[in-house]
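The shown structure was predicted, so the numbers you read here are calculated from the model rather than taken from an experiment. For this chain, numbers begin at 1 and follow the sequence in order.
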Amino acid sequence: MDRYLVFGHPVRHSKSPFIHTLFARQTQQELEYGLAEPAVDEFAQALRTFFDQGGKGCNVTVPFKEQAFTLVDRLSPRAKRAGAVNTIKLTDDGVLLGDNTDGAGLVADLKSHGVMLADSRILLLGAGGAARGALAPLLAEPPSELVIANRTHAKAQQLAAEFCDLGHVTAQTYEQLAGSFDLVINSTSASLQGELPPLAPALIHTDIAIYDMMYGASDTAFIRWAKQHGARQTMDGLGMLVEQAAEAFTVWRGIRPGTKQVLRELKRNLGVI
């Protein structure tokens with residue numbers, strides 16, 4: 001039976017085995033999907049061993065995405081742009097192909113919620129790996145403007161300069177933010193600590209869409225804050241998790257699974273519904 005893993009540290013909380021088991025059942029694919037939690041300095045060896053022992057593919061999560069980028073034989077165009085790999089496939093000719101499905105998963109989830117991206121004004125909070133992975137797919141839609149805001153302004157400027165060939169992307173400090181945004185995406189990990197990015201409440205209005213890449217059994221701190229200031233459409237990253245997994249499954253198996261029922265099952269598993 002074909003074997004797949006998710007590598008991370010920590011990774012025991014991962015819902016990837018649950019999601020991919022449902023995908024396999026739905027598409028009648030025979031595979032098994034497990035967890036691997038090597039020490040931070042043992043990831044490269046663990047990855048090699050997995051494929052030497054017949055592994056077909058894997059997902060890679062924190063903190064190994066950037067390291068995986070350097071370990072594969074070939075990179076997809078979107079992995080090159082993202083500077084990180086979250087999906088690896090052993091091809092028929094024995095090549096380890098590195099891909100990044102995070103941004104595609106984000107865009108697919110936004111569209112499933114009816115969010116219009118074309119000609120919209122988007123604010124992206126954060127300039128780390130999650131933001132980097134999202135930029136190219138978002139700019140491909142394309143928005144009228146994408147503004148990156150980050151606590152360290154120099155990082156936002158660097159990211160904007162790197163992606164400016166794909167569309168109208170700029171960097172601003174939190175204090176400089178002005179005007180009306182159609183969509184705000186929080187790619188920071190602040191919600192994991194129950195913290196908030198320093199965003200002015202005046203930027204929130206009733207027609208804005210709010211997306212937090214983090215998720216939990218209840219609203220994240222950022223979503224609670226946005227609702228308190230009048231946002232009517234709010235979304236967390238649970239759908240993105242399922243959609244990026246579906247994209248990875250398609251890379252591996254050449255068949256695209258449906259996501260709606262799997263997302264419902266995942267919410268039930270988490271106690272969200």
Side-chain angles (χ1 to χ4, degrees), residues 78 81-83 102-215 219-237 239-240 243:
R78 57 189 179 184
R81 270 291 186 179
D102 286 333
L106 169 65
V107 168
D109 192 37
L110 286 166
K111 289 182 175 180
S112 76
H113 283 94
V115 177
M116 298 298 294
L117 298 173
D119 298 320
S120 65
R121 190 164 185 250
I122 299 175
L123 173 59
L124 179 62
L125 307 179
R132 177 179 290 275
L135 273 167
L138 284 171
L139 290 167
E141 286 310 305
S144 61
E145 181 183 15
L146 191 151
V147 178
I148 304 170
N150 189 58
R151 289 180 186 269
T152 306
H153 184 51
K155 284 190 69 177
Q157 288 178 308
Q158 179 183 342
L159 206 54
E162 193 173 328
F163 284 83
C164 65
D165 61 309
L166 298 183
H168 184 197
V169 54
T170 61
Q172 296 181 16
T173 66
Y174 280 98
E175 294 74 23
Q176 289 172 330
L177 294 173
S180 181
F181 290 97
D182 301 296
L183 170 65
V184 178
I185 301 170
N186 181 23
S187 76
T188 75
S189 59
S191 288
L192 293 177
Q193 289 80 40
E195 299 172 355
L196 294 169
L199 195 65
L203 291 171
I204 306 300
H205 54 85
T206 54
D207 293 327
I208 202 167
I210 299 293
Y211 195 99
D212 194 338
M213 288 189 187
M214 301 299 110
Y215 64 87
D219 285 345
T220 67
F222 184 64
I223 286 178
R224 286 198 306 271
W225 175 86
K227 284 181 174 178
Q228 289 166 4
H229 290 92
R232 289 189 298 203
Q233 184 176 20
T234 59
M235 301 149 280
D236 69 14
M240 176 182 172
E243 293 290 351

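Put simply, OG on Ser180 and CG on Leu123 are 11.0 Å apart, with the number rounded to the nearest 0.5 Å. Between Arg151 atom CZ and Leu125 atom CG the span is 10.0 Å, to the nearest 0.5 Å. With rounding to the nearest 0.5 angstrom, the CG atom of Leu139 is 10.0 Å from the SG atom of Cys164. Here OH of Tyr174 is found 6.0 Å from CG of Asn150. Values are rounded to the nearest 0.5 Å.
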Query raised in the report: Is there a side-chain contact (heavy atoms from CB on, under 4.5 Å) between Tyr215 and Met240 once you walk through the steps?
Result: CA-CA 10 Å; Tyr215 64 87; Met240 176 182 172; over 6 Å; no
Requested in this report: Carefully, step by step, assess Ile210 and Asn186 under the rule side-chain contact (heavy atoms from CB on, under 4.5 Å).
Outcome: CA-CA 8 Å; Ile210 299 293; Asn186 181 23; over 6 Å; no
Query raised in the report: side-chain contact (heavy atoms from CB on, under 4.5 Å) between Ile185 and Leu106: does it pass, once the steps are laid out?
Result: CA-CA 10 Å; Ile185 301 170; Leu106 169 65; 4.2 Å; yes
Report task. Carefully, step by step, assess Val107 and Glu243 under the rule side-chain contact (heavy atoms from CB on, under 4.5 Å). Result -> CA-CA 9 Å; Val107 168; Glu243 293 290 351; over 6 Å; no
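A donor atom on one side chain and an acceptor atom on the other are not found under 3.5 Å apart for Tyr211 and Asp236.
Formation of a donor-acceptor pair under 3.5 Å by the Thr170 side chain with backbone atoms of Val147 is not found in this model. Looking at His205, its side chain does come within 3.5 Å of a backbone N or O of Phe181 through a donor-acceptor pair. For Ser191 (side chain) and Gly194 (main-chain N/O), no donor-acceptor pair under 3.5 Å exists by modelled atom type. For the pair Thr220 (side chain) and Ile223 (backbone), a donor-acceptor distance under 3.5 Å is present.
The salt bridge (charged side-chain N to carboxylate O under 4.0 Å, His left out) analysis of residues 198-214, with sequence neighbours excluded, yields the pairs Asp207-Arg232. Screening residues 130-142 for salt bridge (charged side-chain N to carboxylate O under 4.0 Å, His left out), with sequence neighbours left out, gives Lys111-Glu141, Arg132-Glu162. The salt bridge (charged side-chain N to carboxylate O under 4.0 Å, His left out) pairs that include a residue from residues 183-202 number zero, where partners must be two or more places apart or lie in different chains. Screening residues 118-129 for salt bridge (charged side-chain N to carboxylate O under 4.0 Å, His left out) gives Arg121-Glu145 as the qualifying pairs, with residues at least two apart or on separate chains.
In this structure the side chain of Ile208 reaches within 4.5 angstrom of the side chain of Val184, judged on heavy atoms. Residues Leu124 and Leu183 fail the side-chain proximity criterion, which asks for heavy atoms closer than 4.5 Å. In this structure, Leu117 and Pro143 have side chains that are not in contact, with every pair of non-hydrogen atoms separated by 4.5 Å or more. Inter-residue side-chain proximity for Leu166 and Leu135 is flagged as unmet; no heavy-atom pair is nearer than 4.5 Å. Residues Asp219 and Thr234 have side chains not in contact (no heavy-atom distance under 4.5 Å, counting atoms from C-beta outward). Taking the side chain as every heavy atom from C-beta outward, Met213 and Thr188 never approach each other to under 4.5 Å. Residues Ile148 and Gln157 have side chains not in contact (no heavy-atom distance under 4.5 Å, counting atoms from C-beta outward). Using a 4.5 Å cut-off on side-chain heavy atoms (C-beta onward), Asp109 and Ser112 make contact.
Across every non-hydrogen atom of Ala104 and Arg78, the tightest pair is CB-NH1, 3.8 Å. Taking both residues in full, the closest heavy atoms of Ala131 and Leu159 are given as CB-CD2, 4.2 Å, listed atom of the first, atom of the second, then distance. Smallest separation of non-hydrogen atoms from Pro201 and His229: CB-CD2, 3.4 Å. Of all non-hydrogen atoms in Gly126 and Ser187, the two that sit nearest each other are CA-OG, 3.7 Å. Between Gly128 and Lys155, the closest heavy-atom pair is CA-NZ, 4.4 Å. Annotation for Leu177 and Ala149: closest pair CD1-CB, 4.0 Å, computed over non-hydrogen atoms.
Remark: His168 pairs with no residue by the side-chain hydrogen bond (donor to acceptor under 3.5 Å, both in side chains) rule, at least two apart or across chains. Residues passing the ring pair (Phe, Tyr, Trp, His ring centres under 6.0 Å) test with Phe222, sequence neighbours excluded: Trp225.
Within 6.0 Å of CD in Gln158 there are 12 or fewer heavy atoms belonging to other residues, nucleotides or ligands.
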